[in-house]
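Letters go in sequence order (proteins before strands), and every chain restarts at 1. Predicted model, so just to flag it, every value in this text is computed and none were measured.
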Protein chains: 2
Amino acid sequence: MDDLETRELRYFVAVAEETHFGRAAGRLGIAQPPLSRAIRRLERRLGVQLLDRDRRGVALTDAGRVLLREARAALDAVAAAERRTRRAGDPKRPLVLATKAGASHELLQRLLDELASEPDGAPIEILLCEVGEQARLLRNGRADVALMHRPFDDLAGFDTEDLFVEGQVAILPAVHPLASREQLTLADVRNVPDLPIARWPRLDGSYPDGPGPEVHTQSQLAQLVALGRTLLVIPASSRAWQWPEHVAVPVVDAPDVTTVIAWPPSSHSQAVASLVRSAAGLRGSALGPWAESASP
Amino acid sequence: MDDLETRELRYFVAVAEETHFGRAAGRLGIAQPPLSRAIRRLERRLGVQLLDRDRRGVALTDAGRVLLREARAALDAVAAAERRTRRAGDPKRPLVLATKAGASHELLQRLLDELASEPDGAPIEILLCEVGEQARLLRNGRADVALMHRPFDDLAGFDTEDLFVEGQVAILPAVHPLASREQLTLADVRNVPDLPIARWPRLDGSYPDGPGPEVHTQSQLAQLVALGRTLLVIPASSRAWQWPEHVAVPVVDAPDVTTVIAWPPSSHSQAVASLVRSAAGLRGSALGPWAESASP
DNA sequence: CCGGCTGATACCTGCTGGGTATCACAGTCC
DNA sequence: GGACTGTGATACCCAGCAGGTATCAGCCGG
């Protein structure tokens, strides 16, 4: 009873994602027959059918879906082991901080200033992410630490420290009727006929129904906002990611957003600990400038 | 630049744990030379020295310690992928519930009764663990769900639901002077000369200093208590794990212990969700009998 | 019914994981 | 000091299997 090998997991993930042996083989840089064999042997070894071969592509079985999820997690863990070990062996390893592009801009600025001013500061590398990408980067070791946002991001599996709490604002074209309001509610901004809220893909890649445009990157969204095609509700501090022709109006009943600094619980790194300490140190001093924009 | 294979990780973990190529090879069921080669190639591929060969066994480098930790996590994830997939393919899969032997006995009893009375209940298998073992079992897929205890167990990386809160009691021989007290404090029970508190191994396997006996299993501890050689402070409900000649005295300033039900956040299993729902349902009804023993 | 998809099969080849035998080196014991 | 012991490293061989090419076998759309 020998273990699964990561190669087999990679192969399976490729097939499951492409639902097509030929394409998966191409992506893996091997020929199709060995791939078929490998998957077949994997099924035999597990004693479980993973794919329904349907003479027109393949479909995942229930067990296949379980393995897809678990295999991704396992491969992330293996990749993390590799990267973290490499970094541990590199004497002048820069810390990698992942953060959502455009979010918590000023906090990040202050954090970097703070770190630069510290004498023993390790070099920091910033990795700007699309939404929800930080968790993956932490899990697979591409990043050492991340700025994330509750309740948006999935923080399961990480150690975190809250940095600050803020309200949300609606971003509207300055000429829009709602732009002159002092404050708004979620009911106001939902179902504005000429500014439908954009739809992000779900985890499985499909889009929810609704009138708004489909987006899957922040730059798409930014452009749609600039064009006046969509209404955006974001944390007040994200105004740094700003449009000159737009105004921000507080949405009083939108849930508060907490910016947290997160790191893998296994991290025994001195550098990560000191970075977290620096970040937590900003908590008291730096609240003012942006938290104000959220208060009524 | 090919990935690490699980075989290489297993090999490295074996060598790191044994700090000896020969013994590690024996444990792995292979000869020593291929093992040396494999580790050497691993080091070359990672570009990092993992071991200091010292002509008298081997020692881990810093990078080696990082890889040991990460490799264990990765291997757990791979093992979990394998087990969970197998279980997903098995139609009449019993759910595996891990719980500390002797703890939360009555809660467990009620939970099982509850589940047995439900018509659509999946079969449940109970896995009794030593302290702290549940997390590992959840992580590597041997268990689907676990009863754990805050603040003792490390809950990082799991979804949890609190089940109930209780105080702690000191277990003392009935004839001991302290046994007649109505209540005790931590100051009372620490440094009782004739009943020193037992010492558990740390994560690295070494024992903290102190006068008490060293233990690493619950049965060892139980016997030492029965022999009147050690004083024990445990959650009130653990009195089910009882000694006839002993009494339990509340320790009023010991931290409260919360019994939680925990499961891997990736678990999309219907069966796990329904078990958690059943457990949460007991919360209101079943508090009385044992929570009382903790209240003053 | 044919052509173009799909994945499966057959068969060959070369890499590499694993085995045995042996070496090189450092303590240790007499 | 020299033989001994125990460590990991090296040398060499073999076999298994990952991967390639060529081909087959169903199933669809035209």
Could you tell me the separation between the [atom1] atom of [X] and the [atom2] atom of [N], rounded to a whole number of Å?
X: B:Ile39; N: D:dT7; atom1: CD1; atom2: C1'; value: 16 Å
X: A:Arg53; N: D:dA25; atom1: CZ; atom2: C1'; value: 15 Å
X: A:Asp52; N: C:dT6; atom1: CG; atom2: C1'; value: 15 Å
X: A:Arg44; N: C:dA8; atom1: CZ; atom2: C1'; value: 15 Å
X: A:Arg40; N: C:dA8; atom1: CZ; atom2: C1'; value: 7 Å

Original post:
Does a side-chain heavy-atom distance below 4.5 Å link A:Asp144 with A:Leu97?
Top reply: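 No; the side chains remain at least 4.5 Å from each other.
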Original post:
Do A:Glu5 and B:Val78 touch side chain to side chain, with heavy atoms closer than 4.5 Å?
Top reply: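 A side-chain contact under 4.5 Å is absent here.
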Original post:
Are OP1 or OP2 of D:dA9 and a side-chain N or O of B:Ser36 less than 4.0 angstrom apart?
Top reply: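 So the side chain of B:Ser36 is within the cut-off, an N or O lying under 4.0 Å from OP1 or OP2 of D:dA9.
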Original post:
For DNA chain C, which residues in residues 15-23 of chain A have a heavy atom at a distance below 4.0 Å?
Top reply: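 Residues of residues 15-23 of chain A under 4.0 Å from DNA chain C: A:His20, A:Phe21, A:Gly22.
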Original post:
Do the side-chain N and O atoms of A:Ser274 and A:Gln270 include a donor-acceptor pair separated by under 3.5 angstrom?
Top reply: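 There is no such pair (donor and acceptor under 3.5 Å, judged by atom type) between the side chains of A:Ser274 and A:Gln270.
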**OP:** Mark yes when over 12 heavy atoms from residues, nucleotides or ligands other than A:Arg229 sit less than 6.0 Å from its CZ; otherwise mark no.
**Re:**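 Atom CZ in A:Arg229 is not packed in, count stays at 12 or less.
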Original post:
In B/S/- notation, 5' to 3', how is nucleotides 11-20 of chain D contacted by protein heavy atoms closer than 4.0 Å?
Top reply: -------BBB
Original post:
Hey, are A:Arg45 and A:Glu8 close enough for a salt bridge, meaning a charged N less than 4.0 Å from a carboxylate O?
Top reply: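 Looking at A:Arg45 and A:Glu8, the cut-off is met.
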Subject >> Salt bridge present between B:Glu70 and A:Arg87 (N-O < 4.0 angstrom) >> reply: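 No, this pair does not count.
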**OP:** Determine which pairs satisfy salt bridge (Lys or Arg N to Asp or Glu O under 4.0 Å) with at least one residue from residues 18-35 of chain A, sequence neighbours left out, and list them in order.
**Re:**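 Counting only pairs at least two positions apart or across chains, the salt bridge (Lys or Arg N to Asp or Glu O under 4.0 Å) contacts touching residues 18-35 of chain A are A:Glu17-A:Arg27, A:Glu18-A:Arg23, A:Glu18-A:Arg27.
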**OP:** Kindly say whether B:Gln220 contributes a backbone atom to a donor-acceptor pair with the side chain of B:Gln223 at under 3.5 angstrom?
**Re:**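 Absent.
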